[in-house]
**Student:** 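Sharing a structure here in structure tokens format.
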Amino acid sequence: MADGSVVLSVEDISITYTTQRGIVQAVSNVSFDLHAGETLALIGESGCGKSTIVLGLIGLLPKTGKITTGKVTYRRRDGRLIDVLGLNKEQMRQFLWNECSMVFQGALNSLNPVLKISSMIYDTARAHGMRADEAKKRALSLFEKVRLDPLRVFNSYPHELSGGMRQRVLLATALLLRPQVVIMDEPTTAVDILTQRSIIKVLKQLREELNFSVIFISHDLAVAAEIADTVATMYAGEIIEKGPVSEVFYRPRHAYTLGLLEAAPRLSTGAEELMSIPGSPPDLIDPPKGCKFHMRCRFVTDECKTTKPPLQASSPT
Amino acid sequence: MRKLIRSYTFRTVVQGLITIWAVMTFTFFLIRLMPGNPAQIKIDEYVDRYGMSEDQARQQVATLFNYDPDQPVFEQYVDYLSDLVRFDLGRSLTSTETPVAEQILRFLPWTLFSVGLALLVAFSLGVLVGLAMAYWRGGLLDNVMTVFASVIYAIPDYIIALLLIMVAGVQLKLIPVGELYGGSTQGIEPGFTVEYILDLLKHAFLPVFTYVLATIGGWMLTMKSSTISTLGEDYITVARARGLPERRLLTAYVGRNAMLPLMTRLAISIGFVVGGSAIIETLFLYPGLGRNLVLAIGLRDYTTMQGIFLVIAISVVVSNILADLLYGWLDPRVRLGGDKGTE
Amino acid sequence: MKRILLIVALFALVAVGFAPAAAQDAPDGIFPGTWPYSLPPTHHLNLFAAGGPHDSTGIGNFYRQLVVMPFGFYRWDSATYEGLLAESWGFNEDNTKYVVTIKEGTWSDGTPLTANDAVVTYAIGRILNWADWNYLSDVVAVDDRTVEFIFNETGAGYTAERLIMKTRIAPAATYQALADEATALIAAGKTSDDQEWTDLATKIAEFRPDVLLASGPYTYSLEDIGDSYMTLHWQPNSIYSGSVQFGEIRLWQGETESTTPLVLNGDIAWATNVYPPATQQAFVDAGIRLVNVPLGYGAALLMQHDTYPFNIKEVRQAMAYAIDRDENAFFTNGFGATGTEYMAGVLDTMVSTLLDADSIAKLNHYDFDVDRAAELMETAGFTRDADGKWVDAEGKRISVEYKAPAEFADFLGASTNAVEQLNEFGFDITLRAIPWQQTAEDIRQGNFQLSVWSWAGGNPLASRQFFGPIQRFNYVGLSDGQKGMNFPMEFEYNGEMINLDALINDVSSGFDRDAQAQRAGRVALILNDLMPFIPLNIISAAQPFNESILTGAPADGDPLYAAPLDDAWMLKLLLEGVVRPAGS
Amino acid sequence: MSTAQRAPLVELKHVDRFFRKGNATLKVLQDINLNVYPNEILCLVGESGCGKTTTGKIIAGLLNHSGGEVNVQGRPLASYSDRREKAHLRRTFQIVHQDPFASLNPSHTIAKILSFPLLRHKMVKNRTELAARLLELLELVDLTPPQDILNKYPHQLSGGQRQRVSIARALTVQPKLIVADEAVSMVDVSIRIGILKMLLRLKEELDIAIVFITHDLALAKYFAWQGRIAVMYLGRIVEIGRTPDVIGNPAHPYTRALLAAVPEADPDVTRAKEEMPLRSEDIPGLLNIPHGCAFHPRCPFFVPGLCDAEVPKLAVARGFNQEAACAPLELGLPLTTYAG
């Protein structure tokens, strides 16, 4: 699916939060490229920094959060490069949704309960200079694509829709202005299994038809296995492993990725032996030296405790 | 017919009527349990103030007053109810031949006007400022207004009124107190004229200003906390991510949702508008219903008290029904008759 | 005892001389006063119904006399009347009639004042059960300007005279029809038990005249009743129209709290409200003169005489000694109260007029004396506890409750201070402030141990002064079943069975002032000795009188200031034109 | 271990549970027949609103049933009238909730949280015994070294540790049955398995039955491999049996749909999964549960006139070891895709 050209390039980004206890190094020196049409899954457990990265990308970090280093470059359709972190408020407002949209977790809370879906669509369109009739046409066609009854949904209030329908509305809304990048933060976490299935299906279809890139954030290895082209595993604010989905799942190089896979139960096998990773993630106010995973790692060596390993390609073994 | 009986509106109206009846009955007996009765109060006054003998006073009161203290209370109740069914609120006990309805019609508009205007001003201003305080939390406006709101919220309205009179009126001579007393200036022809309306506003200034000061702190603080919790909602972040302009965000997304919890409070406040504030009206000689109620209580004018209580009960019930409707209009989740989602 | 026919010529008596009415322009001044009048629709122009100008919820007793005048004005200092509408007045030779000749003058519409006005007024008053008719059998117009009040057998006396002289005479032009109906009922032999009688009374109460005909120099219409003040307008046709110096009397609405700023701002020049001590001080600071005028009553400490040990005379006397009444007066109403001096049951200012000299000399003043009080307690069998509290032979303390009306600042102040002083002395009293209506009710029911209410009263006759509280709040003056103070009124005193109730009722009867003074003196001595209640103080209204707006108030101590509001000094001085705008 | 050997701890017979909502009645549970045997693992799975939590609460005695019969240790629940008996019953069944943060008092230390039930139910005689028991409990749930944990407050622990404390608290009263309601849903993947393993160990060591409520089929399969699974849909049990049977050879179309829908942490397997398209994606509300088999409007194998006529009974169909409530299966009809 990926055609090779990079739409979004994240270089060496670090984000901190100021808390009462001290400064939390939430994201440390993260870099990745997102290619056109690619689906990149950022997987990791709670507190690993995956959501913080995207909030940083779209300028919605809370007041206590701060991007300390890094550069984010976005390539527009016309080939112009944009320094995302250098955008002013108004430019960022325009950038959002036109170029990069987002689907959040928790569909119920992502929609303003007092406004109809139509108002939400019109609001979004007006904010970006799209004509109302065009917005409606576009929204209806997108609703159709995500297998919703377009007119009914368009004129509904959020509470009149089921969780799955709302999540599909959000998906469709994200595509309203034809962005090149859609960030999805745990979009299927709060929905039921059958609903999750239908959303995954719809997402796959849309991706094929509209060819946008996706940054998919999840703690659920199974969902990532299903839709990602590339998987990046995050631990304690860092990307500790990144590669094509089959590489990461079948030949994990990092002990943490391996641990996660070993802890995930599967249906298709019979009785199975699972293992959990001992211990818990480190305190990011005072992160450990060396590899941040070393206290929990079963392959730990002395070097791990002092030297931070770089992210590098290793030859397949 | 069946459909009517089951309909929401019908049930609400019936419930309202029952509530009104219950309140009415309760107050009917309660006010008759108060020590003293209209005749005795008047007798005491004649004896204390004019040195009449008890007999003298009693004889005079018996003919002047429309009240027979020896009539059994239940009989009075039945009489009252049967009058009420014919929309007759009875006559004042202490002023024979003055219908209670006429008294209420005379005094109610003033209270509605002053308290209503104050509620409108305090609510809209309080909500706006509260919204701004939360939106720019920690800023100068927030810090200043939070202190202001907390202080003003803690001061009872009559203290505010007294301060206004004694400091601004008497000591600094900023306000011509006497000129502003009352409901309107004598001699100005009532009517839909600029002169009369300006005069009304001028005279309403003191009570309205007091009410606004006494209540605006509460509105500001409630709105602020409500807004803060709304700002934490996901849909605000989402709307921001969609690149919505701040103004739209502030009104349709933050403001409207944050206001929802205030609607119940507003409804209760609206319900109590008719009661007015007796102390404020008395202090400013404002010819409102609350002041008249206090006078009636002092004289134990049962019928007048009863009539005013009834009007208050009706307005509380009606405003609660209206609040339901309003809430439904603002929050589609509770919209009446709205179908539930499939889930 | 024989009385001389007393007919006094007005011009001889009132040196100032009230000029007869003449067509002229209204004077310029505005007199800014205050009264908590009621607003329409409660306020109306029927003189005989509650809410009308004859009723205190209409306008006050003082101001209404400027509109609809009575026959006379009473001087408390000399116990004499001065004529207002009356040119001459007095009992006839055999005291069977009271004869009044009305001055030549007109109502505000120009119709003449006649004897018929009085006849009409009393005909209606009869239907309304006026107390006057307890003493009268008929009221007859002898000629155009002479009216005779014919007494019934119980009738004649100073009580009846006061009622007649103080009754405001209504205009026949307005009330003739109602009076005719009344006369017809009387002629038909109906009594107040008949339905027709009650119906007529109701009809009278419901009557709503369009205009208020005035005999005094001022009148008003309903349009003059504003929300914040009402205006009494000068009218040219009264006997007094020529002498008054104000074109308008402006009465501000409102009680103490609303009028305070108006007084301070000079919007009100003379106020009849009772202001708390702090406010009085503020007036003084603002350069406003305070004129002390008695309200006619004071605070009395009441005991329930079924309550031990208040049924012991010595204990009551000890209490009288143990309270510093001057201190108590200050806590009651600041400058506007004085501690009771004579403890006689009549106002101190009236003692010399109402009691005989012998009795006055014998009165125990109960000057503050804790040692004497302690002696009395010991006589009564009490001893002091380790902590100074009095205990009786059985070791019981005097632990009682004192109920006081929470709304009445003066009574509450008096009570708080009395309780404090008595506890200091060794009692164990708990003060409980409750709504005033409840306090009054509890006193009537005898449901109290100690409490407070007024004593004396706004009537200059001795029997009426004695009335409160010993009759008013005692079983003798209350409805059946109510005990009140429950002080026994029939008892042996100095070896003689007496009925105090009868003695008091008899005090002011007859026409012999000396005999009355002796009877009053006897009652005063009994009360003074037994102390069935303790007259703590006498409250006066410290009336603010703003001399930058008004002028003409006499110097402090003027005899005119002896009278309460009903016989107010201001009435006389306003009508005479002595009180006038400052600088005019 | 055979379930037939021992008398059931809890027996639900035709149990209904209704809630009133305004004028309407929500039929949250209908005709639930379910036994929980000592020392067994029973998994309740299903999507939100299927009634699994309500069932768990009724089993734990936290909620009354509206109809039917609940027998506890062979006696009808209603017959436990004695206060002491009731208190004992309450101790026998414990529940562990999804969110340990919400169920642990944030202002108490762990020691206090654990001491409270021990003291209240007089499970310890004195201070020394209490201290020993606290350490023992924390060791049981693998919170080592226990001394470090005792004086901490809930917020000082990680999510996994907190959930372990919740379990330790349930163990204070030596229960015979623990209802674990989505007990590891909020715990990170890497730690989850450790807690589940611990629960399995406790079950063996302490002879406890565990009712495990989850929406995650893979987790249910892993945890209850030795026990049973009951699949619930709209207030009814649609399939129940030994876990390997239900997961390996699902009978009810709903179970099949669920299994087909679950993604797996294996790219090739999950992408190759055969899809089972439903006829409708809308889940009917509890206010208007469809007639007959509640799943029929969505079921791809819908047989008109049969599935929408009567509520199917749980029965063992040919070719299956477990019970399923599906009319065509019971009649031995082949499941063919409905074309209408």
Side-chain angles (χ1 to χ4, degrees), chain A residues 43-48 147-148 162-165 168 188 190-201 204 219-228 231 235 244-246 248-250 256 259-281 296, chain D residues 45-50 142 157-161 185-198 215-223 225-226 243-244 247-248 250 254 257-273 275-278 280-283 285 298:
Chain A
I43 58 174
E45 298 179 291
S46 52
C48 73
R147 297 202 283 173
L148 288 169
S162 70
M165 291 161 91
R168 275 178 277 168
T188 63
V191 297
D192 279 323
I193 303 166
L194 296 177
T195 314
Q196 183 186 45
R197 168 55 50 196
S198 80
I199 289 171
I200 290 175
K201 208 163 99 182
K204 282 179 170 173
H219 70 282
D220 188 341
L221 294 173
V223 180
E226 176 130 6
I227 64 167
V231 174
Y235 185 77
V245 64
S246 53
V248 173
F249 271 84
Y250 296 127
Y256 176 65
L260 281 184
L261 286 169
E262 283 176 348
R266 291 151 208 238
L267 276 174
S268 47
T269 53
E272 56 183 338
E273 193 47 46
L274 298 180
M275 288 182 7
S276 64
I277 307 174
S280 45
R296 304 173 73 188
Chain D
V45 298
E47 298 181 288
S48 53
C50 71
D142 299 333
L157 303 180
S158 71
Q161 287 176 316
S185 298
M186 289 179 71
V187 176
D188 270 335
V189 184
S190 65
I191 299 164
R192 236 179 231 183
I193 297 302
I195 296 179
L196 294 181
K197 280 186 172 173
M198 175 198 79
H215 68 281
D216 187 334
L217 276 172
L219 212 59
K221 176 221 134 192
Y222 169 74
F223 186 70
W225 189 254
Q226 304 291 331
T243 303
I247 300 294
Y254 177 64
L258 283 181
L259 286 169
V262 178
E264 298 218 32
D266 183 324
D268 292 347
V269 171
T270 197
R271 290 173 199 216
K273 260 195 173 178
E275 202 187 323
M276 194 171 118
L278 296 180
S280 156
E281 288 181 354
D282 288 340
I283 306 166
R298 308 174 72 191

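The chains referred to below are lettered A, B, ... by the order of the sequence lines, with proteins before strands, and numbering in each begins at 1. Bear in mind that the values here come from a model prediction, so they are computed numbers and not experimental data.
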**Student:** Can you say whether I191(D) sits under 4.5 Å from chain A via the side chain, the backbone, both, or neither, judging by heavy atoms?
**Tutor:** both
**Student:** Quick one: which of L258(D), T243(D), L278(D), V269(D) has the most heavy-atom pairs under 4.5 Å with chain A, could you say?
**Tutor:** L258(D)
**Student:** Give, for atom CG of D266(D) and atom CG of L267(A), the distance between the pair rounded to the nearest 0.5 Å.
**Tutor:** 12.0 Å
**Student:** Please flag which part of L194(A) lies under 4.5 Å from any non-hydrogen atom of chain D: side chain, backbone, both or neither.
**Tutor:** both
**Student:** Please report the closest heavy-atom contact between E47(D) and I193(A), naming both atoms and the distance.
**Tutor:** OE2-N, 3.3 Å
**Student:** Tell me, do P267(D) and Y250(A) make a side-chain contact under 4.5 Å, heavy atoms counted?
**Tutor:** yes
**Student:** Taking every non-hydrogen pair under 4.5 Å, which of A228(A), A264(A), A271(A), S280(A) racks up the most with chain D?
**Tutor:** A271(A)
**Student:** Just by modelled atom types, is the Y222(D) backbone N or O under 3.5 Å from a matching donor or acceptor in the R266(A) side chain?
**Tutor:** no
**Student:** Identify which of G259(A), S198(A), G279(A), G47(A) forms the greatest number of heavy-atom pairs closer than 4.5 Å to chain D.
**Tutor:** S198(A)
**Student:** If you round to the nearest 0.5 Å, how far is CD of E264(D) from CG of L221(A)?
**Tutor:** 12.0 Å
**Student:** Roughly how far, to the nearest 0.5 Å, is NZ of K273(D) from CZ of R197(A)?
**Tutor:** 7.0 Å
**Student:** For a quick test of reading the model, state the closest non-hydrogen atom pair linking A265(D) to F249(A) and the distance between them.
**Tutor:** O-CD2, 3.4 Å
**Student:** Indicate yes or no: at least one non-hydrogen side-chain atom of D188(D) is less than 4.5 angstrom from one of H219(A).
**Tutor:** no
**Student:** For I200(A) and P263(D), work out which heavy atoms get closest and say how close.
**Tutor:** CD1-CG, 4.5 Å
**Student:** Name the region of E275(D), side chain, backbone, both or neither, that has any atom closer than 4.5 Å to a heavy atom of chain A.
**Tutor:** side chain
**Student:** At a 4.5 Å cut-off on heavy atoms, which part of E226(A) comes close to chain D: side chain, backbone, both, or neither?
**Tutor:** both
**Student:** With a 4.5 angstrom heavy-atom cut-off, could you sort out which part of A220(D) is near chain A: side chain, backbone, both or neither?
**Tutor:** neither
**Student:** Please identify, among L219(D), L196(D), V189(D), the residue contributing the most non-hydrogen atom pairs under 4.5 Å to chain A.
**Tutor:** V189(D)
**Student:** For a 4.5 angstrom cut-off between non-hydrogen side-chain atoms, does S190(D) reach E45(A)?
**Tutor:** yes
**Student:** Report the option among A263(A), S46(A), S276(A) that has the most heavy-atom pairs separated by less than 4.5 Å from atoms of chain D.
**Tutor:** S276(A)
**Student:** Please look at D216(D) and chain A and tell me whether the side chain, the backbone, both or neither of the residue comes under 4.5 angstrom of a heavy atom of that chain.
**Tutor:** neither
**Student:** Counting heavy-atom pairs under 4.5 Å with chain A, which one of R298(D), K221(D), R192(D) comes out on top?
**Tutor:** K221(D)
